[in-house]
Amino acid sequence: MNKSSCPRVSFDFTGRFLPPVYIIVFIVGLVANGWGLKSLLQKWKKLGNINVFVFNLGLADILYLLTVPFLVVYYFMKSKWIFGDAFCKITRFCFNLNLYGSIGFLTCISVYRYLAIVHPMRVMGRITVTHSVIISVMVWLLVSVQSLPDMFYTKRYSKPYRNNTEKCFDTTDNIYVESYLKYTLGWTLTGFCIPFLITLGCYGHVIVVLCRTNTTDKVLKQRSLKLLFILILLFSVCYIPYHAFKNFNLMARVLTSQGLCPEWSNGVYIAHQISRGLACLNSALNPLVYLHGHEDIPAQLRQLLQQVRPRFSRSGPTNSSSVPMAQIADGGLTQD
């Protein structure tokens with residue numbers, strides 16, 4: 001099949017879909033992560049081994065969220081990048097740092113939880129906050145090394161490009177797409193697949209141990225199952241679709257550059273753009289780890305709700321219909 005018969009790719013879909021997603025993620029993510037980091041800093045002296053990773057998870061989210069307004073402006077201007085080549089690369093680098101940093105820190109949390117539950121006597125007193133800090137630094141360095149080659153690929157098109165707009169590619173230009181596909185396949189293996197398998201193995205073993213041991217604390221079981229659910233949610237919604245459709249989309253571009261024309265290219269392109277929106281959603285979903293891992297935050301939520309509820313009761317009707325709503329709200333914020 002030649003290029004002349006290729007179906008038209010819906011490039012306009014990106015400009016319609018991503019800006020609303022970015023705006024929602026920016027507002028929710030900034031508020032949730034800001035509050036979570038503030039709560040952790042207030043209890044800095046009591047910061048546990050796992051909470052060191054939670055703190056770094058929040059830093060990775062904030063770093064990326066600060067670049068989101070520039071992306072919103074970019075798409076509102078119909079994909080015209082006005083902030084220069086260097087900042088285009090920095091923006092894309094921050095996204096990768098957040099994405100793979102989040103995966104790395106979630107993997108560390110999973111390994112620590114596994115050691116604490118499956119091998120408690122072996123690790124008791126042997127893992128300190130210092131160890132967690134050193135591991136966190138290593139995660140940042142590893143993710144930076146993995147993401148650094150991406151910055152050497154062309155991210156902007158200096159010549160007129162589709163209606164004289166200057167793009168800021170999330171991958172690279174078509175000229176280098178074949179080389180970029182090889183790089184991103186290796187990146188997917190080391191940055192996503194291996195950490196995902198480690199996380200899956202850790203929590204698979206944890207669940208088996210918890211189910212076989214009748215003496216295990218019920219609260220511990222409940223907390224472990226909740227964290228497992230959060231991780232499944234994050235990987236299923238944010239990480240798996242992004243890596244799958246990113247690579248499929250690059251494959252379609254490679255085939256097109258070789259004179260072929262896959263009929264599924266348009267569908268894969270749209271799916272890839274949706275997965276990009278879902279991937280950035282991790283910055284708004286990661287604070288769920290705060291709610292699970294930091295015992296004071298659910299209590300603060302209840303206290304805040306108790307302070308706000310009388311104000312609504314005074315300003316609104318005082319009949320009995322308002323009582324069930326308050327009870328439901330309290331029930332939804334039960335501390336685990």
Side-chain angles (χ1 to χ4, degrees), residues 21 24-25 28-29 31-33 35-37 39-40 48-58 60-61 98-120 139 192-214 216-244 274-275 277-302 305 328-336:
V21 175
I24 294 172
V25 168
V28 175
V31 172
N33 282 284
W35 186 30
L37 287 175
S39 300
L40 287 174
N49 296 333
I50 288 182
N51 282 343
V52 172
F53 301 130
V54 176
F55 179 76
N56 281 277
L57 192 64
D61 288 336
N98 165 253
L99 184 70
Y100 294 101
S102 296
I103 293 173
F105 291 121
L106 289 172
T107 303
C108 291
I109 292 171
S110 301
V111 172
Y112 265 49
R113 183 71 71 180
Y114 164 79
L115 293 174
I117 295 175
V118 180
H119 303 289
V139 170
F192 168 69
C193 292
I194 293 177
F196 176 60
L197 291 175
I198 292 173
T199 301
L200 204 61
C202 286
Y203 269 91
H205 197 175
V206 165
I207 296 302
V208 170
V209 170
L210 292 178
C211 291
R212 287 180 176 177
T213 308
N214 296 325
T216 305
D217 193 329
K218 291 182 179 179
V219 175
L220 178 61
K221 285 185 178 181
Q222 188 179 42
R223 288 171 64 85
S224 298
L225 289 172
K226 283 184 178 180
L227 184 56
L228 176 62
F229 173 78
I230 292 170
L231 291 173
I232 291 174
L233 179 68
L234 283 167
F235 276 95
S236 300
V237 173
C238 301
Y239 305 138
I240 294 176
Y242 173 77
H243 288 91
I274 294 173
S275 70
L278 294 175
C280 80
L281 197 62
N282 87 94
S283 296
L285 292 178
N286 281 339
L288 290 173
V289 180
Y290 296 133
L291 292 173
H292 170 271
H294 202 278
E295 296 179 356
D296 290 343
I297 292 180
Q300 291 174 9
L301 281 170
R302 288 202 306 276
L305 183 64
I328 292 172
D330 280 337
L333 295 172
T334 303
Q335 184 176 355
D336 57 8

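All values reported here derive from a predicted model rather than from experimental measurement.
Here the closest heavy-atom approach between residue N98 and residue S283 is recorded as OD1-OG, 3.4 Å. The two residues C280 and V21 come nearest to each other via the heavy atoms SG-CG1, 4.0 Å. When all heavy atoms of S102 and D61 are compared, the closest pair comes out as OG-OD1, 3.9 Å. Nearest approach of S110 to L231, heavy atoms of both residues: OG-CD1, 3.3 Å. Heavy-atom minimum distance, H205 versus V118: CE1-CG1, 3.9 Å.
Every residue meeting the side-chain hydrogen bond (donor to acceptor under 3.5 Å, both in side chains) condition with Y112, not counting sequence neighbours, appears here in chain and number order: S132. A279 meets the side-chain contact (heavy atoms from CB on, under 4.5 Å) test with F95, L99, Y242; sequence neighbours excluded. Under the side-chain contact (heavy atoms from CB on, under 4.5 Å) criterion, V28 pairs with I24, A284, sequence neighbours left out. In this structure, the ring pair (Phe, Tyr, Trp, His ring centres under 6.0 Å) partners of Y100, at least two apart in sequence or on a different chain, are W187, H243. Residues passing the side-chain contact (heavy atoms from CB on, under 4.5 Å) test with I274, sequence neighbours excluded: F13, F17, I270, L278. C238 pairs by the side-chain contact (heavy atoms from CB on, under 4.5 Å) definition with L234, L281, N282, L285, not counting sequence neighbours.
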Tabulate below the donor-acceptor pairs under 3.5 Å that side-chain atoms of residues 194-201 make, not counting sequence neighbours, or state none.
unit_1 : atom_1 : unit_2 : atom_2 : d
T199   : OG1    : T107   : OG1    : 3.4
T199   : OG1    : P195   : O      : 2.9

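Between the CZ atom in F105 and the CZ atom in F55 there is a gap of 10.5 Å [rounded to 0.5 Å]. Going from atom SG of C202 over to atom CD1 of I117 covers 10.5 Å, rounded to the nearest 0.5 Å. Expressed to the nearest 0.5 Å, how far CG of L228 lies from CD1 of I232 amounts to 4.0 Å. Atoms CD1 and SG, from I103 and C108 in turn, are 12.0 Å apart once rounded to the nearest 0.5 Å.
Inter-residue side-chain proximity for F53 and V111 is flagged as unmet; no heavy-atom pair is nearer than 4.5 Å.
The aromatic rings of F235 and F192 sit tilted relative to each other, their planes meeting at an angle between 30° and 60°.
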